[in-house]
Structure formats: C-alpha cells, structure tokens
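The structure appears below as structure tokens.
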Amino acid sequence: MAERLNGKVAIVTGAGRDGNIGVAICEAYLREGARVVGTDFRDDEREAIIARLAQVAPADAFHFLAHDVTSETDWARVAEQTQATFGGIDILVNNAGIAIHAGIEHCSLDDLRKVTAVNHDALFIGMKACLPALKQSVARFPGGGAIINNLSMASYMPSAINIGYHTSKAAGRMLTLCAAIEFGPMKIRVNSVHPGLTMTPLIREGLADYVKLGAYETVEAAEVSIAGMGPLGISSQPEDTAHAFVYLASEEARFVTGASIYHDGAIGQRY
Ligand SMILES: NC(=O)c1ccc[n+]([C@@H]2O[C@H](COP(=O)([O-])OP(=O)(O)OC[C@H]3O[C@@H](n4cnc5c(N)ncnc54)[C@H](O)[C@@H]3O)[C@@H](O)[C@H]2O)c1
C-alpha cells in the first residue's frame, strides 16, 4: 500500500517526551513516508527519541529542534530551519500542551496565563510563523497544506478543577474554525483532534493531581472512573490517537477543514 504522507514535511510540537502523543504522531508520520521535525522545550530525551524513530524510517527523515512554543523568535527559527532542511512545510501539528489543575478559586491569574500561552496563544504564533511556507504546499500536493491542532474533550466539557486547561482548549477550537475559514482559499486545511483519556505522562500526572485534590482515591481508580464515563469503557493509547492525525494530514482529507475529530470514546459527548 502507498504511503499516505509520502514526501510531505511535517512539524510536530510537544514531541520531547517518550510515550506521549507528539512522539506517537512523529512515528506514525514517518511510517507513512513523511519527513518530520519534532520539537519540544525539553530535550533530555532527544537522543533516545531520535534513536527509536531511526528504527522506523531513515535517520535523516527526522530532526529534533529545541523550541519553546510560546516564543515568536523560536517559531521563526523552527519554520526557517525546517524549510532549510526539508525544502518546505506541508503539515503543522500544534500538539504541545500543559495543564495546571485548579478551579477559579485556587488558580492564580499568572497560572491561567501560563496555560493559555501554551494551549492557545502558541497555536496562533505557530500558524502565523508557518503560513508563508504552508501556502506553497499546494504547488507540491493537490490537497495543499494541513494544520492540525491537538485540543481535547476539554474544549466542550466544563470542569470545576481545571479552569485554564478547559478555557484555553475551548478557545483553541474557535481559533481552529477561524483559521479554517481564513486559510481555505490559500488551500490550507485546518482541523482539530480532541483526545479523551490517552495514557501518556501528562495524563498520569494529571490523574495524580486529581487524587491530591481528593477527587479520586488512586490514579488507577481515576482512570477506570473516567474511562467508564464513555460507552466503550476504555482509555486510548497514543498510537490510537496518532491515526487521526495521519488521516487529517493526508490527501484523503482534502475536502475536510474546520472539522473536530472527537477521539474521546464519546466520554466528552455529554455536553
Ligand atoms: N493525554 C491525554 O489524555 C490528552 C487528552 C486530551 C488532550 N491532550 C492533549 O494532547 C497534547 C499532548 O499531550 P500528552 O498527553 O502527550 O502530554 P505530554 O506532557 O507528554 O506532552 C506535551 C508536551 O508538550 C511539551 N511542552 C509543554 N510546554 C511547552 C512549551 N512551552 N514549548 C514546547 N513544548 C512544550 C512538553 O514538554 C511535553 O513534551 C496536549 O496538547 C494535551 O493537552 C492529551
């Protein structure tokens, strides 16, 4: 079977932690023939990630760049280096995200701004920085460029104990829709994926915070309880989630823009 992303160039943020969704997207893209720049502001796992991904694709198909997604200067450098290395940008995946677990009563304005800076503002900066290159994608691929924002079921579910995360992810959804309308005539599609419970380091830490806040007895109990909110009663693995990003980046999705893929086992469909 033909590779679904053959020859495309992708930037994937938040790919600095093994076992997370960003690294799973990089791996899935490499398997489908893309060349990938994975970025993250932490680079302590850089060599291990590079070595593992070299087992699924030629070593020169993957580059890792240190990158703070809240910095315009960093975005300009990442966009420039990606084009210098691979000759363009066809796919931008805004995947980096953070959570600070507190409701309005206990969340400081500073913490709210920190979360919003990564989960919302960085999407804006990233799209702006990569736009000139993404506009050129249609000259290589009829479906044009693709931007995929990794949001969350938090975009459409309220929470009493996670104010910054839910409001920033909800704002990310409207940003995605606005960008889809603005960039459509430039042949750039903009879509979002809304993961539910996906077992990564971030989610394990988040569940541990919920235990500290007294919402659950243990991390395992939290996983079972949240998974049980959906009809399937299961959680997702990062590799499952990555499939949605492959589809949206591929030519198969050339008529798909402004779409929200609910990769949440219907846990988030109640609101
Ligand atoms: N795991 C889940 O259940 C779940 C559910 C819904 C949404 N999501 C979303 O999926 C995305 C990936 O989450 P994950 O579970 O793989 O978590 P993760 O913490 O493993 O991955 C997030 C990555 O973003 C990086 N990052 C954070 N701030 C950054 C910054 N300023 N600059 C650059 N990199 C930065 C982190 O270092 C980390 O590697 C996030 O946007 C998250 O909100 C995850």
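We use all heavy atoms of the structure for the numbers below, so side chains are in, but hydrogens, waters and symmetry mates are not. In listed order, ligands and their atoms are each counted from 1. Position 1 is the first residue of the sequence, and the numbers go up from there.
Among all protein heavy atoms, the one lying closest to atom 13 (O) of ligand 1 is Leu202 CD2, 3.8 Å. The single protein non-hydrogen atom nearest to atom 32 (N) of ligand 1 is Val69 N, 2.9 Å, given as residue, atom name and distance. Among all protein heavy atoms, the one lying closest to atom 26 (N) of ligand 1 is Phe41 CE2, 3.7 Å. Among protein heavy atoms, the minimum distance from atom 21 (O) of ligand 1 is reached at Asn20 ND2, 3.3 Å. Shortest contact from atom 6 (C) of ligand 1 to any protein heavy atom: Pro195 O, 3.2 Å. Closest protein heavy atom to atom 22 (C) of ligand 1: Gly97 O, 3.7 Å. When only non-hydrogen protein atoms are considered, atom 10 (O) of ligand 1 lies nearest to Asn150 ND2, 2.9 Å. Asp40 OD2, 2.5 Å is the protein heavy atom nearest to atom 39 (O) of ligand 1.
The part of Lys169 lying near ligand 1 is the side chain, judged by heavy-atom distances below 4.0 Å. Of the heavy atoms in Thr198, both backbone and side-chain atoms come closer than 4.0 Å to ligand 1.
Put simply, no part of Thr13 is less than 4.0 Å from ligand 1, judged by heavy atoms. Assignment of Leu151 to the shell around ligand 1 is supported, since a heavy atom sits closer than 4.0 Å.
Panel note: side chain Asn95, backbone Thr13; a donor-acceptor pair is recorded below 3.5 Å. Gln83 contributes no side-chain N or O that, together with a main-chain N or O of Gly88, makes up a donor-acceptor pair within less than 3.5 Å. Remark: the backbone N or O of Asn149 is not paired with any side-chain donor or acceptor of Asn94 at under 3.5 angstrom.
Proximity to Asp68 (heavy-atom distance under 4.0 Å) selects the following atoms of ligand 1: 30 (C), 31 (N), 32 (N). Each of the atoms 24 (O), 26 (N), 34 (N), 35 (C), 41 (O) of ligand 1 lies under 4.0 Å from some heavy atom of Ala96. Ligand 1 places these atoms under 4.0 Å from at least one heavy atom of Ile98: 27 (C), 28 (N). The atoms of ligand 1 that sit less than 4.0 Å from any heavy atom of Leu197 are 3 (O). Here is the list of ligand 1 atoms found below 4.0 Å of a heavy atom in Ser152: 6 (C), 7 (C). Close approach to Tyr165 involves these atoms of ligand 1, each under 4.0 Å from a residue heavy atom: 6 (C), 7 (C), 8 (N), 9 (C), 42 (C), 43 (O). Set against the non-hydrogen atoms of Arg42, the atoms of ligand 1 under 4.0 Å away are 37 (O). With ligand atoms numbered from 1 in the order given, ligand 1 contributes 32 (N), 33 (C) to contacts under 4.0 Å with heavy atoms of His67.
By the neighbour-count criterion of 12 heavy atoms within 6.0 Å, atom OH of Tyr216 is densely surrounded, having more than that number from other residues, nucleotides or ligands. Counting heavy atoms of neighbouring residues, nucleotides and ligands inside a 6.0 Å radius, atom CD1 of Ile50 exceeds 12 of them. Remark: Arg113 CZ is loosely packed, at most 12 non-hydrogen atoms of other residues, nucleotides or ligands lying under 6.0 Å away. Within 6.0 Å of CZ on Arg254 lie no more than 12 heavy atoms contributed by other residues, nucleotides or ligands. Atom CD of Glu205 has more than 12 neighbouring heavy atoms from other residues, nucleotides or ligands inside a 6.0 Å radius.
Here's the thing with Thr70: none of its N/O atoms is less than 3.5 angstrom from an N/O atom of ligand 1. Not one N or O of Ile203 is nearer than 3.5 Å to an N or O of ligand 1, by distance alone. Residue Asn95 places at least one N or O, backbone or side chain, under 3.5 Å from an N or O of ligand 1. Between Ile21 and ligand 1, at least one pair of N/O atoms sits closer than 3.5 Å. Between Gly196 and ligand 1, an N or O atom pair is found at a separation short of 3.5 Å.
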Next on the checklist: As a quick check of understanding, evaluate side chain to side chain contact (heavy atoms under 4.5 Å, CB included) for Met186 and Leu131, giving each step before the final call.
Outcome noted: CA-CA 9 Å; Met186 305 170 195; Leu131 187 59; 3.9 Å; yes

Item to check | Trace of the side chain to side chain contact (heavy atoms under 4.5 Å, CB included) decision for Val193 with Phe245 | outcome: CA-CA 7 Å; Val193 176; Phe245 289 82; 3.6 Å; yes

Item to check | Criterion side chain to side chain contact (heavy atoms under 4.5 Å, CB included) on Tyr156 and His194, from CA distance to verdict | outcome: CA-CA 9 Å; Tyr156 40 88; His194 300 256; 3.5 Å; yes

Item to check | Step-by-step side chain to side chain contact (heavy atoms under 4.5 Å, CB included) determination, Val118 to Val69 | outcome: CA-CA 7 Å; Val118 178; Val69 293; 4.1 Å; yes

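If you run side chain to side chain contact (heavy atoms under 4.5 Å, CB included) between Thr198 and each of Asn20, Ile203, Thr241, only Thr241 comes through.
If you look at His101 and Tyr165, their ring centroids are not closer than 6.0 Å.
With atom 15 (O) of ligand 1 as the reference point, the heavy atom nearest to it among Asp43, Thr241, Thr200, Asn94 is part of Thr200.
Remark: Lys8 is not positioned above the aromatic ring of Tyr29, lacking an NZ or CZ atom under 6.0 angstrom from the ring centre and at most 45 degrees off the axis.
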